[in-house]
Amino acid sequence: MKIKSQKDFFAGLMFLAVGVAFAWGAVTYSVGEGARMGPGYFPLMLGIVMSILGAVLALKATIVETEGGDKIGKWAWKPLIFIILANLAFGVLLGGLPSIGLPPMGLIIGIYALTLIASLAGENFRLVPTLLLATVLAIGSYVAFIWALKLQMAVWPTFITG
């Protein structure tokens with residue numbers, strides 16, 4: 001079997017691996033059935049669909065010829081590192097890190113940190129548009145999660161709100 005499109009083949013393997021991981025993790029929860037879905041139903045279905053999509057994509061990459069073989073380029077390390085760091089910072093700031101004594105900083109601070117760190121992954125960083133984007137995301141997240149869905153989470157740090 002010869003791989004005719006490296007990009008499609010490895011993208012298919014990635015979808016397959018993530019789909020299997022989702023499905024595997026979902027079976028630890030109550031799955032339920034179509035009429036009475038449990039908390040594991042959606043991740044299980046998502047995992048199955050992603051696995052099927054990945055298998056089809058990987059199989060297609062071995063059958064359909066592409067010009068030049070669609071080689072995989074070099075890894076973009078800078079964006080990869082900054083995007084992972086942005087997500088880690090958001091999680092730590094949103095929930096805090098009790099092991100080192102860091103209290104939850106809240107949704108708004110977390111979104112600003114996420115946006116600022118993730119914007120460093122690009123080729124050119126501009127502060128004003130990044131702060132504008134962070135403001136729009138913070139307002140939208142507040143409206144969606146706190147006001148509309150009424151989720152209980154820290155919006156601001158406890159030293160501000162008391």
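Only this structure's heavy atoms are used, side chains among them; waters, hydrogens and symmetry mates stay out.
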Participant: Just to verify, what does Phe82 make a side chain to side chain contact (heavy atoms under 4.5 Å, CB included) with, not counting sequence neighbours?
Facilitator: Lys78, Ile117, Leu120, Ala121

Participant: Residues in side chain to side chain contact (heavy atoms under 4.5 Å, CB included) with Leu149, at least two apart?
Facilitator: Phe145, Leu151

Participant: Hey, could you give me each pair passing side-chain hydrogen bond (donor to acceptor under 3.5 Å, both in side chains) that has a residue in residues 143-155? Not counting sequence neighbours.
Facilitator: none

Participant: Would you say Leu80 and Phe15 are hydrophobically clustered, going by side-chain heavy atoms of ILVMFWY under 4.5 Å?
Facilitator: no

Participant: Any salt bridge (Lys or Arg N to Asp or Glu O under 4.0 Å) involving residues 49-60? Give me the pairs, sequence neighbours left out, ordered by first then second residue.
Facilitator: Asp8-Lys60

Participant: If you count heavy atoms of other groups shown closer than 6.0 angstrom to CZ of Phe9, is the number above 12?
Facilitator: yes

Participant: Count the heavy atoms of every other residue, nucleotide or ligand shown that sit under 6.0 Å from CZ of Phe125, and state whether that count exceeds 12.
Facilitator: yes

Participant: With clusters built from Ile, Leu, Val, Met, Phe, Trp and Tyr whose side-chain heavy atoms come within less than 4.5 Å, directly or transitively, what are the remaining members of the cluster of Val136, listed by chain and number?
Facilitator: none

Participant: Tracing side-chain links under 4.5 Å among I, L, V, M, F, W and Y, which residues wind up in one group with Tyr41?
Facilitator: Trp24, Val27, Val31, Met37, Leu44, Met45, Ile48, Ile52, Val56

Participant: Can you name the ring pair (Phe, Tyr, Trp, His ring centres under 6.0 Å) partners of Trp75, sequence neighbours left out?
Facilitator: Trp77

Participant: Suppose we screen for side chain to side chain contact (heavy atoms under 4.5 Å, CB included). Which residues come up paired with Ile108, at least two apart in sequence or across chains?
Facilitator: Tyr112, Ala138, Val155, Trp156

Participant: Would you please name every residue forming a side chain to side chain contact (heavy atoms under 4.5 Å, CB included) with Thr115, sequence neighbours left out?
Facilitator: Ile111, Thr130, Leu133, Ala134, Leu137

Participant: To the nearest 0.5 Å, tell me how far Leu131 CG sits from Leu116 CG.
Facilitator: 5.5 Å

Participant: With the side chain counted from C-beta on, respond yes when Met153 and Ile146 share a heavy-atom pair under 4.5 Å apart, and no when they do not.
Facilitator: yes

Participant: With side chains defined as the heavy atoms from C-beta onward, is the minimum distance between Phe90 and Met105 less than 4.5 Å?
Facilitator: no

